[in-house]
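Read through the structure below, which is laid out as structure tokens, and then see the notes.
Start at 1 with the first residue, then count along the sequence. Here the structure is a predicted model, which is why all the values come from computation and not from measurement.
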Amino acid sequence: MSTRIPFLKGHGTENDFVIVPDPENALDLPPAAVAALCDRRAGIGGDGLLHVVRSAEHPEAAQMAGEAEWFMDYRNGDGSVAEMCGNGVRVFARYLQHAGHVTEGDLAVATRGGVKTVHIAKDGDVTVGMGKALLPEGDVTVSVGDRSWPARNVNMGNPHAVAFVDDLAHAGDLYSPPPFSPAAAYPSGVNVEFVVDRGPRHVAMRVHERGAGETRSCGTGACAVAVAAARRDGVDPAATGSPATYTVDVPGGTLVITERADGEIEMTGPAVIVAEGEIDADWLENAVR
């Protein structure tokens with residue numbers, strides 16, 4: 001390992017990430033190393049880490065190399081592996097543009113949740129094709145303190161429980177994962193969104209992200225919220241033949257979510273690179289001991 005490891009810092013609606021370019025997949029990034037880098041006091045700080053690898057060089061992405069040159073090896077802030085991160089994909093694409101690997105226009109990004117289509121617009125916003133939502137059957141309940149709410153089970157390549165509440169403050173501090181039932185609904189944990197209405201097809205949310213705690217934004221969560229809100233409102237683009245667009249306010253900004261008649265979901269929002277530098281490899285090695 002070299003004595004210095006390049007990194008960048010970026011965010012999408014204030015969902016922030018440590019970005020580690022590693023095209024040849026040469027770095028060893030065990031969970032403890034990722035957690036150390038994402039530590040906001042002793043490390044660089046981030047809700048998660050974007051490990052940038054060429055798909056052909058990563059065993060989990062090699063089969064996608066024909067469709068997407070780059071693989072987003074995404075890790076949660078605690079070091080655990082995640083299937084997808086919608087804000088992360090936008091920031092990942094912005095990094096590829098920043099590094100000169102891609103330009104404005106369309107590209108494909110491989111993730112554990114499949115290949116995602118991305119469009120980098122001239123105005124700076126990035127649109128990600130998030131795939132189709134799955135709506136598993138069965139009742140789900142989430143709780144905070146002595147309050148409980150029914151939640152909509154939505155899967156966006158990762159699991160979500162969407163609860164509509166009267167006040168976002170009812171979500172509590174969201175330091176710990178909100179309890180849910182039945183346990184069998186989410187055997188590997190779940191992202192929990194609490195949602196209030198702001199206007200016609202306009203909602204606001206707070207989220208506890210599995211493995212990260214409360215974050216300022218969650219892209220897959222915003223998509224899950226838009227789908228859940230549409231179904232609650234009696235809107236199903238597959239039935240009407242017309243797309244449905246919802247504005248979703250998150251603590252870190254605003255995302256625009258469109259569900260098309262074919263079920264495909266598109267998410268549009270900003271993505272920003274704020275800094276770049278070098279990690280001391282000796283520090284990182286000591287941090288994981």
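Between Asp47 and Cys85 the shortest side-chain heavy-atom distance does not fall below 4.5 Å. Between Val190 and Asn153 there is no side-chain heavy-atom pair separated by less than 4.5 Å. In this structure the side chain of Arg90 reaches within 4.5 angstrom of the side chain of Thr13, judged on heavy atoms. When side chains are defined from C-beta on, His101 does not count as touching Val52, because their heavy atoms never get closer than 4.5 Å. You'll find the side chain of His98 reaches within 4.5 Å of the side chain of Leu8, heavy atoms only. The shortest side-chain heavy-atom distance between Val196 and Asp167 does not fall under the 4.5 Å cut-off. For the pair Arg4/Asp280, a side-chain contact is recorded, criterion being any heavy-atom separation below 4.5 Å from C-beta on. Between His160 and Val227 the shortest side-chain heavy-atom distance does not fall below 4.5 Å.
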Only distances under 3.5 Å count here; give the side-chain donor-acceptor pairs of residues 144-152 to other protein atoms, sequence neighbours excluded, each with its distance to 0.1 Å.
unit_1 : atom_1 : unit_2 : atom_2 : d
Arg147 : NH2    : His170 : NE2    : 3.4
Ser148 : OG     : Ser143 : OG     : 2.8

Output side-chain donor-acceptor pairs under 3.5 Å for residues 119-129, partner residues at least two apart or in another chain, one line each.
unit_1 : atom_1 : unit_2 : atom_2 : d
His119 : ND1    : Asp106 : OD1    : 2.6
Asp123 : OD1    : Asp125 : N      : 2.9
Thr127 : OG1    : Thr268 : OG1    : 2.7

Counting only pairs under 3.5 Å, give me each side-chain donor-acceptor contact of residues 57-72, with atom names and distances, residues two or more places apart or in other chains.
unit_1 : atom_1 : unit_2 : atom_2 : d
His58  : ND1    : Glu60  : N      : 3.1
Glu60  : OE1    : Arg112 : NE     : 2.8
Glu60  : OE2    : Arg112 : NE     : 3.4
Glu60  : OE2    : Arg112 : NH2    : 3.0
Gln63  : NE2    : Glu60  : O      : 3.3
Glu69  : OE2    : Arg54  : NE     : 3.1

inquiry  = If you apply the rule side-chain contact (heavy atoms from CB on, under 4.5 Å), what do you find for Ile44 with Phe7, and how did you get there?
reply    = CA-CA 10 Å; Ile44 297 166; Phe7 82 92; 3.7 Å; yes
message = Run Asp22 and Ile5 through side-chain contact (heavy atoms from CB on, under 4.5 Å) and show every step you take.
response = CA-CA 9 Å; Asp22 182 21; Ile5 303 167; over 6 Å; no
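Atom CD1 of residue Ile257 and atom CE of residue Met130 lie 7.5 Å apart, to the nearest 0.5 angstrom. To the nearest 0.5 Å, atoms NE2 (His208) and OG (Ser176) are separated by 6.5 Å. The CZ atom of Arg206 sits 10.5 Å away from the OG1 atom of Thr215 when rounded to the nearest 0.5 Å. Rounding to the nearest 0.5 Å places CD of Glu209 at 8.0 Å from CD of Glu193. Here Asn155 contributes atom CG and Cys223 contributes atom SG; the two are 12.0 Å apart, rounded to the nearest 0.5 Å. Here Leu284 contributes atom CG and Ile279 contributes atom CD1; the two are 6.5 Å apart, rounded to the nearest 0.5 Å.
Residues Ile19 and Val102 are members of one and the same hydrophobic cluster, defined by side-chain heavy-atom contacts under 4.5 angstrom among Ile, Leu, Val, Met, Phe, Trp and Tyr. When the side chains of ILVMFWY residues are joined at heavy-atom separations under 4.5 Å, either directly or via intervening members, Phe17 and Val20 end up in two distinct hydrophobic clusters. The hydrophobic cluster containing Phe92 does not contain Val115, counting ILVMFWY residues as joined when their side-chain heavy atoms lie under 4.5 angstrom apart, directly or transitively. Hydrophobic clustering, with ILVMFWY side chains joined whenever heavy atoms are under 4.5 angstrom apart, keeps Val18 apart from Val272. Linking ILVMFWY side-chain heavy atoms closer than 4.5 Å, directly or via other members, places Val162 and Phe194 in two distinct hydrophobic clusters.
Of all the heavy atoms in Leu37 and Leu49, the pair that sits closest is CD1-CD1, 3.7 Å. A pairwise comparison of heavy atoms in Arg232 and Phe164 identifies NH1-CD2, 3.4 Å as the closest pair. Summarising the geometry of Met205 relative to Val248, their closest heavy-atom pair is SD-CG1, 3.7 Å, with the distance given to 0.1 Å. A pairwise comparison of heavy atoms in Gly211 and Asn76 identifies O-CB, 3.8 Å as the closest pair. Taking all atoms of both residues into account, the shortest heavy-atom contact from Ala228 to Val154 is CB-CG2, 4.4 Å. The shortest heavy-atom contact between Arg40 and Gly46 is NH2-C, 3.5 Å.
Listed for the Arg210 side chain is a donor-acceptor partner under 3.5 Å among the backbone atoms of Ser188. Lys9 contributes a side-chain N or O that, together with a main-chain N or O of Gly45, makes up a donor-acceptor pair within less than 3.5 Å. In this structure, Asp197 contributes its side chain and Gly199 its backbone to no donor-acceptor pair below 3.5 Å. Arg75 places a side-chain N or O within donor-acceptor distance of the main-chain N or O of Leu29, the cut-off being under 3.5 Å.
Residues forming a side-chain contact (heavy atoms from CB on, under 4.5 Å) with Pro30 (at least two apart in sequence, or on another chain): Asp28, Ala33. In terms of the side-chain contact (heavy atoms from CB on, under 4.5 Å) criterion, Thr117 has no residue partners (sequence neighbours excluded). Every residue meeting the side-chain contact (heavy atoms from CB on, under 4.5 Å) condition with Arg201, not counting sequence neighbours, appears here in chain and number order: Val235, Ala244, Tyr246.
Dense packing is recorded around CG of Asp262, with more than 12 heavy atoms of other residues, nucleotides or ligands lying under 6.0 Å away. The neighbour count for Asp236 CG, taken as heavy atoms of other residues, nucleotides or ligands under 6.0 Å away, is above 12.
Looking only at atom types and distance, the side chain of His202 has a donor-acceptor partner in the side chain of Asp249 under 3.5 Å away.
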